[in-house]
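Accompanying notes for the structure given below.
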Amino acid sequence: MERSFKLRLISTLSFTLGTILIIGIVVFYLGFDISKKGTLILNTNTKLLQARNNISDLAKLKEQEKEADIALFKLNNALPKRDSLFSVSRDLEDLAKRRSLSFGSKFKEEVSATNTQPGYIGIDMNLSGSYNDLVAFIRDLDVGSYSINVVSFDIVRQGSGFSGLITGELFFSD
């Protein structure tokens, strides 16, 4: 009987330990599998969030494209057309007369507009008068109805007055 008790005890313990070992292996395998699938789900979720953000950014850019087109239209219309530049010399002379300056101008080379840059015509302006009036004329150019980029401004004293040479670029749109 003692022997059969030992045998039953050993077989019960063996069965219990075997069952515990099998359960442990199954739990370890399931834990590893769950971890692997959790990482896969996390990576997929991250990709989906990134795709959603990209779509949202694209929608915002589409809206901003409309605003940019409107702004570009306004900018293109802010520059005078090339055909309307015939009165520039007269308008600039009137501006100089308001400052009691003598004025002369001549046009130079023309650079045609491109898709990204407006066209311009080089212009030289000769002025003579007081120093303050010459400086005020340049300020008037900055706020005037024409877009003129002053490239250089040379001023020389001549007796009690001053004479100036302004070299600039008069921008236009086609």
Side-chain angles (χ1 to χ4, degrees), residues 35-174:
S35 173
K36 195 165 96 175
K37 288 186 179 176
T39 303
L40 179 67
I41 290 170
L42 181 64
N43 289 341
T44 304
N45 193 23
T46 302
K47 288 178 184 176
L48 285 173
L49 286 174
Q50 184 63 39
R52 184 184 62 92
N53 289 338
N54 289 344
I55 290 171
S56 174
D57 290 345
L58 181 62
K60 287 178 187 176
L61 286 174
K62 287 284 187 184
E63 289 176 23
Q64 290 174 350
E65 178 186 27
K66 293 173 188 171
E67 293 173 13
D69 286 342
I70 292 169
L72 182 63
F73 178 77
K74 287 179 182 178
L75 281 174
N76 284 334
N77 287 333
L79 293 175
K81 301 291 182 202
R82 183 188 327 127
D83 298 340
S84 69
L85 296 180
F86 293 112
S87 62
V88 170
S89 291
R90 184 187 50 198
D91 293 342
L92 292 175
E93 186 174 359
D94 290 344
L95 189 63
K97 282 182 183 177
R98 279 188 248 146
R99 296 288 180 186
S100 303
L101 297 169
S102 62
F103 178 82
S105 68
K106 69 176 182 177
F107 289 109
K108 299 188 320 184
E109 77 283 348
E110 177 181 328
V111 176
S112 297
T114 64
N115 288 340
T116 58
Q117 298 286 328
Y120 66 89
I121 297 174
I123 186 170
D124 285 338
M125 295 173 269
N126 294 306
L127 302 152
S128 60
S130 73
Y131 177 79
N132 289 337
D133 288 334
L134 288 171
V135 172
F137 178 81
I138 290 185
R139 285 191 195 117
D140 291 344
L141 286 179
D142 195 33
V143 297
S145 59
Y146 297 106
S147 294
I148 299 176
N149 177 33
V150 175
V151 176
S152 68
F153 175 52
D154 296 321
I155 189 168
V156 177
R157 178 180 283 252
Q158 289 185 334
S160 63
F162 291 86
S163 71
L165 172 63
I166 300 172
T167 302
E169 299 168 336
L170 175 62
F171 292 101
F172 63 87
S173 64
D174 285 330

Practice task
Sort and list the pairs that fulfil salt bridge (Lys or Arg N to Asp or Glu O under 4.0 Å) and have at least one residue in residues 100-117, not counting sequence neighbours.
Solution key: R82-E110, K108-D124

Problem - T114 (side chain) donor-acceptor with Q117 (main chain) under 3.5 angstrom - result: yes

Donor-acceptor list for residues 51-62 side chains, cut-off 3.5 Å, not counting sequence neighbours:
| unit_1 | atom_1 | unit_2 | atom_2 | d |
| --- | --- | --- | --- | --- |
| N53 | ND2 | L49 | O | 3.4 |
| N54 | OD1 | Q50 | NE2 | 3.1 |
| N54 | ND2 | Q50 | O | 3.4 |

Handout entry: Spacing of D154 atom CG and T167 atom OG1 [to the nearest 0.5 Å]
Key = 7.0 Å

Completion exercise
Residue pairs passing the ring-ring contact (aromatic ring centres under 6.0 Å, His included) test with at least one member in residues 46-66, sequence neighbours excluded, are none

Practice task
Report the C-alpha separation of I148 and E169 in whole Å, then their side-chain angles, then the decisive distance to 0.1 Å, and conclude whether the side-chain contact (heavy atoms from CB on, under 4.5 Å) test is met.
Solution key: CA-CA 5 Å; I148 299 176; E169 299 168 336; over 6 Å; no

Fill in the blank from the handout: Hits for side-chain hydrogen bond (donor to acceptor under 3.5 Å, both in side chains) against D94, two or more places apart or cross-chain, chain-then-number order -> none

Problem - With sequence neighbours excluded, residues passing ring-ring contact (aromatic ring centres under 6.0 Å, His included) with F171 - result: Y120

Problem - With S105 via side-chain hydrogen bond (donor to acceptor under 3.5 Å, both in side chains) - residues at least two apart - result: S89

For residues 136-144, tabulate all N or O donor-acceptor pairs below 3.5 Å that involve a side-chain atom, not counting sequence neighbours.
| unit_1 | atom_1 | unit_2 | atom_2 | d |
| --- | --- | --- | --- | --- |
| D140 | OD1 | R99 | NH2 | 3.1 |
| D140 | OD2 | R99 | NE | 2.8 |
| D140 | OD2 | R99 | NH2 | 3.3 |

Problem - Residues forming a side-chain hydrogen bond (donor to acceptor under 3.5 Å, both in side chains) with S35, sequence neighbours excluded - result: none

Exercise for the section: Would you mind listing every side-chain hydrogen bond (donor to acceptor under 3.5 Å, both in side chains) that reaches into residues 39-49, with sequence neighbours excluded? Expected result: none

Problem - Counterpart residues, ring-ring contact (aromatic ring centres under 6.0 Å, His included), relative to Y146 (two or more places apart) - result: none

Handout entry: side-chain hydrogen bond (donor to acceptor under 3.5 Å, both in side chains) against S163, all qualifying residues, sequence neighbours excluded
Key = none

Exercise for the section: Would you give the length of the straight line joining atom OG of S87 to atom CG of L92, rounded to the nearest 0.5 angstrom? Expected result: 9.0 Å

Handout entry: Between CG on residue L95 and CE on residue M125, distance to nearest 0.5 Å
Key = 9.5 Å

Handout entry: Partners meeting ring-ring contact (aromatic ring centres under 6.0 Å, His included) with Y131 (sequence neighbours left out)
Key = F162

Exercise for the section: Would you check, one step at a time, whether the test side-chain contact (heavy atoms from CB on, under 4.5 Å) holds for L127 with D133? Expected result: CA-CA 10 Å; L127 302 152; D133 288 334; over 6 Å; no

